[in-house]
Amino acid sequence: MVAYWLMKSELDVYPWSQLVEDGWTHWDGVRNYQARNMMRDELKEGDYVLFYHSNCKPPHIAGVAIVSREGYPDFTSWDSHSTYYDAKCTTENPRWFMVDIEPVLTFDKIVTLPELRDSEELEDMALLRRGQRLSVQKVDLKHLEVILRMAGHTLEDIS
DNA sequence: GCCAACGTTGGC
DNA sequence: GCCAACGTTGGC
């Protein structure tokens with residue numbers, strides 16, 4: 001069963017264009033237990049990921065990626081030179097997890113947060129809930145389809 | 001730059 | 001285990 005997700009990245013930290021250039025990336029640096037649990041236990045190889053740019057004007061979804069490797073320990077957590085270093089982590093005792101993703105589809109047209117908010121069909125989407133800060137969120141298929149349509153695509157473009 | 005929302009920390 | 005203080009996220 002393929003599932004769908006949304007991941008947030010700050011535009012000036014790791015943009016979609018960088019993922020396209022890199023070809024893949026490990027989604028490191030998530031230091032939130034809820035998001036950790038999802039990446040460790042729920043995100044599966046072949047799941048699709050909406051790539052959301054936060055901290056920019058306007059915030060928007062830029063494309064779709066796919067999970068290419070399931071949850072494994074985030075090695076930046078025990079790297080004392082990393083900004084994501086967590087002194088409580090060791091290789092024997094990992095605390096944080098990440099997945100690998102690859103770009104699948106660059107949107108013809110980015111879908112902005114105001115556009116998402118304007119859509120009645122997306123009313124109950126997690127991202128649009130007040131105070132929603134989770135950097136990894138589950139997305140319903142019906143919502144994914146609406147967003148793909150807004151971006152000028154269909155489900156066929158990612159399968 | 002402001003501030004609401006919410007997660008984490010640490011004293012008790 | 002409670003909860004006040006503090007830090008972070010992220011839209012506006």
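Throughout, a chain's letter reflects where its sequence line sits, starting with A, and its residues are numbered from 1. Model, not experiment: these values are computed from the prediction.
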Query raised in the report: Have Asp124(A) and His143(A) got a donor and an acceptor in their side chains that come within less than 3.5 Å?
Result: yes

Requested in this report: Tell me yes or no: between the side chains of Trp78(A) and Thr91(A), is some donor less than 3.5 Å from an acceptor?
Outcome: no

Report summary line: Grouping ILVMFWY residues whenever side-chain heavy atoms fall under 4.5 Å, the cluster of Tyr33(A) otherwise contains Trp96(A)

Requested in this report: Kindly indicate whether the side chain of Leu141(A), heavy atoms from C-beta on, has any atom under 4.5 Å from the side chain of Leu155(A).
Outcome: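 Sidechains of Leu155(A) and Leu141(A): in contact.
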
Query raised in the report: Mind checking whether His60(A) and Phe107(A) have ring centres under 6.0 Å apart?
Result: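 For His60(A) and Phe107(A), the ring centres are not under 6.0 Å apart.
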
Close N or O pairs between protein and nucleotides 8-12 of chain C (under 3.5 Å):
unit_1: dT8(C); atom_1: O2; unit_2: Arg133(A); atom_2: NH1; d: 2.5
unit_1: dG10(C); atom_1: OP1; unit_2: Lys8(A); atom_2: NZ; d: 3.0
unit_1: dG10(C); atom_1: OP1; unit_2: Arg133(A); atom_2: O; d: 3.0
unit_1: dG11(C); atom_1: OP1; unit_2: Tyr52(A); atom_2: OH; d: 2.6
unit_1: dG11(C); atom_1: OP2; unit_2: Asn55(A); atom_2: N; d: 3.2
unit_1: dC12(C); atom_1: OP1; unit_2: Arg117(A); atom_2: NE; d: 3.4

Query - Distance, rounded to the nearest Å, where Gln34(A) contributes CD and dC6(B) contributes C1' - result: 10 Å

Report task. Might you work through the side chain to side chain contact (heavy atoms under 4.5 Å, CB included) test for Tyr14(A) and Asp22(A), ending with a clear yes or no? Result -> CA-CA 11 Å; Tyr14(A) 193 85; Asp22(A) 292 343; 2.6 Å; yes

Report task. For DNA chain C, find the residues of residues 83-96 of chain A with a heavy-atom distance under 4.0 Å and give them by number; none if there aren't any. Result ->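 The stretch gives none, as no residue of it lies under 4.0 Å from the strand.
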
Requested in this report: For the pair Arg31(A) and Asp74(A), find out whether any cationic side-chain nitrogen is under 4.0 Å from an anionic carboxylate oxygen.
Outcome: yes

Report summary line: Exactly one of Phe51(A), Tyr72(A), Tyr84(A), Trp5(A) clears ring-ring contact (aromatic ring centres under 6.0 Å, His included) with Trp27(A), and that residue is Phe51(A)

